[in-house]
Amino acid sequence: MTNMFCFQCEQTAGGKGCTKVGVCGKQPDVALKQDQLTAALVGLARAAAGQEPGEMARELMMKSLFATVTNVNFDGAAIDELINQVEEEINRLGGGQNFDAALLWEGDPDIISLRSTLLFGLRGMAAYAWHAYILGHEDAQVTGWFFRGMKALAEEHSVPEWLDLLMEFGQMNLRCMELLDKANTSAYGHPVPTAVTTNVEAGPFIVITGHDLHDLKQLLDQTSGKGINIYTNGEMLPAHAYPELKKYPHLKGNYGTAWQNQQKEFADLPAPILFTTNCIMPPRPSYSDRVFTTAMVGY
C-alpha cells in the first residue's frame, strides 16, 4: 500500500491529513490496519447488540480503540493480532455485519467531520477507561457506551442527530474521567502541588513517559533500593504530585520536554526509556536498542 489517510492529531500534514506517511512516523500499511481494526470493532458492537458484552468483548473494545490512538502502536503484527481476536469474538457472539473500513473517510465532509469527532473521542476515552480498568475500576455505563458509539458510528444520522450523539458522548467522557480520577486517587492519593527538578543526578537511571501511573508504580517497586534513579518525561510529569508515588526517593525529577521532541532529546540519552500510553514515535537508531514498551504501545 502506498496511500493512507489520517488526520486525527495536531501534527497532520498541512493541517489537512497525512496521505503518504504519517508526520508522526506511522506507515501507510499500519494506517490501513488501524482502519481495518476500527471496522472490526463496528462489527463487534453490532454482534453484541441486544446482549451483555462479556469480559473478553469489553477488554477487546477498550484495548483495540486504545491501540489506534495517535502515537500508541506502530506495530502492524500487533494490530493484526487484535483484528484476529476481535473477529473471533464476533463469531463467538453469533456473528455480525462487517463494515467497510474505506467508508470511514468517504461521504459528505460535514458528516466525515462529525463521525471522526466521535471516533477520535471514543479512542481517547478508551485509553483512560483502560487505565482505570487495570486498577480494578470499571463503569458499566462507560464501557457500554463504547459499544453504543461504535455501532452508531456506522449508521446514517442527520447533522442534529450527530450533534446529539456527540453531546451524549461528552457527558460519558466526563464520567470516564471521573472514573479514572477515582482509580488513580484510590491507588496513589490525591495529587498536591509539587516542585519537580529537571536536574539529572550521577548514576544509572531510567526515563519513563506516557500516562500510565500503574506502570510507573511497578517500575518504582522493581528498582527500589537498587541504586537506579527514575525520571519522568512528557505526559508522565504529573506523577510527581501523587503522594504514593512521590514517596519513592529514587523518583528524582523530569527529563526532557514534550513527546514530539523525543527523537532529538533521546538521541544521546545513556539510559533505557520506557514508553507507556500514547507517546511513542518510531525510535531513531541511536537509541532504539534502549526502548521498552508496555500495554498497547508498540513500534
Subject >> Flag, side chain of Tyr248 to backbone of Thr223, donor-acceptor distance under 3.5 Å >> reply: no
Subject >> Met150 CE to Met61 CE distance, which is reported to the nearest 0.5 Å >> reply: 6.0 Å
Original post:
Can you tell me if NZ on Lys26 sees more than 12 non-hydrogen neighbours from other groups inside 6.0 Å?
Top reply: yes
Original post:
So, do His240 and Leu245 sit near enough that their side-chain heavy atoms are less than 4.5 Å apart?
Top reply: no
Original post:
Within a strict 4.5 Å, meaning less than it, do heavy atoms of the Val72 and Thr68 side chains meet?
Top reply: no
Original post:
Is the backbone N or O of Tyr255 less than 3.5 Å from a side-chain atom of Asn233, with the two atoms forming a donor-acceptor pair by type?
Top reply: yes
**OP:** Taking all non-hydrogen atoms of both residues into account, name the closest pair between Leu82 and Met296 and its distance.
**Re:** CD1-CE, 3.7 Å
Original post:
Of Thr143, Asp139, Leu135, which is the lone residue that meets side-chain contact (heavy atoms from CB on, under 4.5 Å) with Leu179?
Top reply: Asp139
Original post:
Same hydrophobic cluster for Tyr128 and Leu237, using side-chain heavy-atom links shorter than 4.5 Å among ILVMFWY?
Top reply: no
Subject >> Main-chain N/O of Val291 paired to Asp289 side chain as donor or acceptor, under 3.5 Å >> reply: no
**OP:** Grab the two heavy atoms, one from Pro28 and one from Asn3, that are nearest each other, plus how far apart they are.
**Re:** CB-O, 3.9 Å
Subject >> Check: Pro282 main-chain N/O paired with Gln263 side-chain donor or acceptor under 3.5 Å >> reply: yes
Original post:
Does Val42 belong to the same Ile/Leu/Val/Met/Phe/Trp/Tyr cluster as Leu166, with side-chain heavy atoms less than 4.5 Å apart forming each link?
Top reply: yes
Subject >> Step-by-step side-chain contact (heavy atoms from CB on, under 4.5 Å) determination, Ile90 to Val86 >> reply: CA-CA 6 Å; Ile90 290 172; Val86 171; 4.0 Å; yes
Subject >> Ser113 side chain vs Pro109 backbone, donor-acceptor pair below 3.5 Å >> reply: no
Original post:
So which of Asp35, Asp29, Leu37, Leu32 actually passes side-chain contact (heavy atoms from CB on, under 4.5 Å) with Ile79?
Top reply: Leu37
**OP:** Spell out, as yes or no, whether a donor-acceptor pair under 3.5 Å connects the side chain of Thr19 to the backbone of Met4.
**Re:** no
Original post:
Sub-3.5 Å donor-acceptor pair from the side chain of Ser286 to the main-chain atoms of Ala267, do we have one?
Top reply: yes
Original post:
Which pairs count as ring pair (Phe, Tyr, Trp, His ring centres under 6.0 Å) when at least one residue sits in residues 166-202, sequence neighbours excluded?
Top reply: Trp145-Phe169
Subject >> Test side chain to side chain donor-acceptor pair (under 3.5 Å) applied to Thr276 and Asp215, step by step >> reply: CA-CA 7 Å; Thr276 76; Asp215 287 346; 4.8 Å; no
**OP:** Report yes if the side chains of Thr277 and Val69 come closer than 4.5 Å at any heavy-atom pair, otherwise no.
**Re:** no
Original post:
Side chains of Phe266 and Arg284: does their closest heavy-atom pair fall under 4.5 Å?
Top reply: no
Original post:
With no hydrogens and no angle check, is any side-chain donor or acceptor of Gln34 less than 3.5 Å from a backbone partner on Asn73?
Top reply: yes
Original post:
Are Val142 and Met172 close enough, and set up right, to give a side-chain contact (heavy atoms from CB on, under 4.5 Å), and what steps lead you there?
Top reply: CA-CA 6 Å; Val142 171; Met172 197 56 59; 3.9 Å; yes
Original post:
What is the distance from atom CG of Leu44 to atom CG of Asn91, rounded to the nearest 0.5 Å?
Top reply: 11.0 Å
Subject >> Under-4.0 Å salt bridge between Glu55 and Arg58 >> reply: no
**OP:** Mind checking the OH-CD1 spacing from Tyr287 to Ile273? Nearest 0.5 Å is all I need.
**Re:** 6.5 Å
Subject >> Close side-chain approach of Tyr299 to Met281, heavy-atom, < 4.5 Å >> reply: no
**OP:** Taking atom CG of Asp108 as the centre, report whether more than 12 heavy atoms of other residues, nucleotides or ligands fall under 6.0 Å from it.
**Re:** yes
Original post:
Does CD in Glu156 sit with more than 12 non-hydrogen atoms of other residues, nucleotides or ligands closer than 6.0 Å?
Top reply: no
Original post:
Taking side chain as C-beta onward, heavy atoms only, is Lys246 less than 4.5 Å from Val192?
Top reply: yes
Original post:
Hey, does the side chain of His211 reach the backbone of Glu235 with a donor-acceptor pair shorter than 3.5 angstrom?
Top reply: no
Original post:
Between the main-chain N or O of Pro270 and the side-chain N or O of Arg290, is there a donor-acceptor pair closer than 3.5 Å?
Top reply: no
**OP:** Using a strict cut-off of less than 4.0 Å between a Lys/Arg side-chain nitrogen and an Asp/Glu carboxylate oxygen, indicate whether Lys217 and Asp221 qualify as a salt bridge.
**Re:** yes
Original post:
According to a 4.5 Å side-chain heavy-atom criterion applied to Ile, Leu, Val, Met, Phe, Trp and Tyr, with indirect links allowed, do Phe66 and Met177 form part of one hydrophobic cluster?
Top reply: no
Subject >> Side chain to side chain, Trp105 and Ser116, heavy atoms closer than 4.5 Å >> reply: yes
